Amino acid sequence: LTSLDLESCRLISDNGLRVLAALTALTSLNLAECEQVSDYGLRALASLTALTRLDLTGCEQVSDDGLRAVASLTALTSLDLEGCSELSDDGLHSLAGLTALTSLDL
């Protein structure tokens with residue numbers, strides 16, 4: 001499996017993301033409007049090193065700590081953080097190492 005779209009699956013939680021961590025061939029993951037996803041769940045995705053696209057639109061529980069976990073996904077070319085209201089400059093600074101990033105939506 002290389003692409004998974006879970007947009008608006010409001011019952012997907014951090015526990016579900018721990019299961020997804022085994023899908024190491026994933027290149028695209030859409031978690032938009034998955035309201036239960038938090039920093040804890042994003043830390044579980046660190047093994048998805050092939051991930052090039054991650055959509056976290058409307059994941060309001062994601063904070064700067066979650067962005068620090070996302071920063072380990074160095075293959076990312078597209079990251080959508082629209083509506084992630086708990087983010088600050090500090091969290092965005094942690095993304096500086098994502099040199100492959102060509103699209104960032106805030």
Side-chain angles (χ1 to χ4, degrees):
L1 187 65
T2 59
S3 180
L4 183 58
D5 186 342
L6 296 171
E7 182 172 353
S8 296
C9 291
R10 300 187 197 289
L11 297 180
I12 297 293
S13 68
D14 294 335
N15 288 334
L17 294 189
R18 286 189 6 225
V19 173
L20 294 181
L23 301 175
T24 56
L26 272 183
T27 59
S28 178
L29 180 57
N30 186 352
L31 297 171
E33 307 301 332
C34 292
E35 298 169 346
Q36 295 187 45
V37 169
S38 74
D39 301 337
Y40 177 76
L42 292 181
R43 283 192 291 273
L45 298 180
S47 63
L48 301 181
T49 57
L51 207 59
T52 59
R53 182 181 178 282
L54 180 59
D55 190 339
L56 297 171
T57 299
C59 292
E60 296 177 354
Q61 293 188 52
V62 172
S63 73
D64 294 344
D65 288 336
L67 281 193
R68 284 188 265 289
V70 168
S72 70
L73 302 173
T74 57
L76 281 179
T77 59
S78 176
L79 179 59
D80 194 330
L81 300 170
E82 182 180 351
C84 295
S85 57
E86 296 299 313
L87 302 180
S88 74
D89 292 344
D90 290 338
L92 293 177
H93 181 72
S94 68
L95 301 178
L98 296 178
T99 58
L101 202 61
T102 57
S103 175
L104 177 61
D105 190 353
L106 300 172

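What you see is a predicted model; the values in this text were computed from it and never measured.
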J.: Thr49 versus Thr74: any side-chain heavy-atom pair under 4.5 Å?
T.: no
J.: Less than 4.5 Å apart, side chain to side chain, heavy atoms only: is that true for Val37 and Leu17?
T.: yes
J.: Has the side chain of Thr24 got a donor or acceptor atom that lies under 3.5 Å from a matching backbone atom of Leu48?
T.: no
J.: Given 3.5 Å as the limit, does a donor-acceptor pair link the side chain of Asn30 with the main chain of Glu7, or not?
T.: no
J.: If you round to the nearest 0.5 Å, how far is CG of Leu31 from OG of Ser8?
T.: 11.0 Å
J.: State the CD-OG distance between Glu86 and Ser38, to the nearest 0.5 angstrom.
T.: 11.5 Å
J.: Does Leu6 reach the side chain of Leu4, with side-chain heavy atoms less than 4.5 Å apart?
T.: yes
J.: State plainly whether one hydrophobic cluster holds both Leu42 and Tyr40, where clusters connect Ile, Leu, Val, Met, Phe, Trp and Tyr through side-chain heavy atoms under 4.5 angstrom apart.
T.: no
J.: Are the side chains of Leu104 and Leu106 in contact, using a 4.5 Å heavy-atom criterion?
T.: yes
J.: Does any non-hydrogen side-chain atom of Leu11 lie less than 4.5 Å from one of Gln36?
T.: yes
J.: Are Leu87 and Asp64 side-chain neighbours, meaning at least one heavy-atom pair lies under 4.5 Å?
T.: yes
J.: Has Thr102 got a side-chain atom pairing as donor or acceptor with Thr77's backbone, closer than 3.5 angstrom?
T.: yes
J.: Kindly give the heavy-atom pair with the smallest separation between Ala75 and Ala100, and that separation in Å.
T.: O-CB, 4.3 Å
J.: Using modelled atom types only, decide if a donor and an acceptor are shared between the side chain of Thr27 and the backbone of Thr2 within a distance under 3.5 Å.
T.: yes
J.: Does any N or O in the side chain of Asp105 come within less than 3.5 Å of the main-chain N or O of Leu81, such that one atom is a donor and the other an acceptor?
T.: no
J.: With sequence neighbours left out, which residue pairs that include part of residues 22-46 fulfil the salt bridge (charged side-chain N to carboxylate O under 4.0 Å, His left out) condition?
T.: Arg10-Glu35
J.: Below 4.5 Å, heavy atoms only, C-beta onward: do His93 and Asp90 meet side chain to side chain?
T.: no
J.: Would you say the side-chain atoms of Ser47 pair up with the backbone N or O of Ala21, donor to acceptor, closer than 3.5 Å?
T.: yes
J.: Within this structure, what is the CG-OG1 distance for the pair Asp80 and Thr57, rounded to the nearest 0.5 Å?
T.: 3.0 Å
J.: In Å and rounded to the nearest 0.5 Å, what is the OG to CG distance from Ser72 to Leu67?
T.: 11.5 Å
J.: What's the separation between atom CG in Leu54 and atom CG in Leu26, rounded to the nearest 0.5 Å?
T.: 10.5 Å
J.: Might you point out which heavy atoms bring Arg18 and Ala44 nearest each other, and give the distance in Å?
T.: CG-CB, 3.6 Å
J.: Starting at CZ of Arg68, measure out to OG of Ser94 and round the result to the nearest 0.5 Å.
T.: 6.0 Å
J.: Does the side chain of Arg53 come within less than 4.5 Å of Asp55's, by heavy atoms?
T.: yes
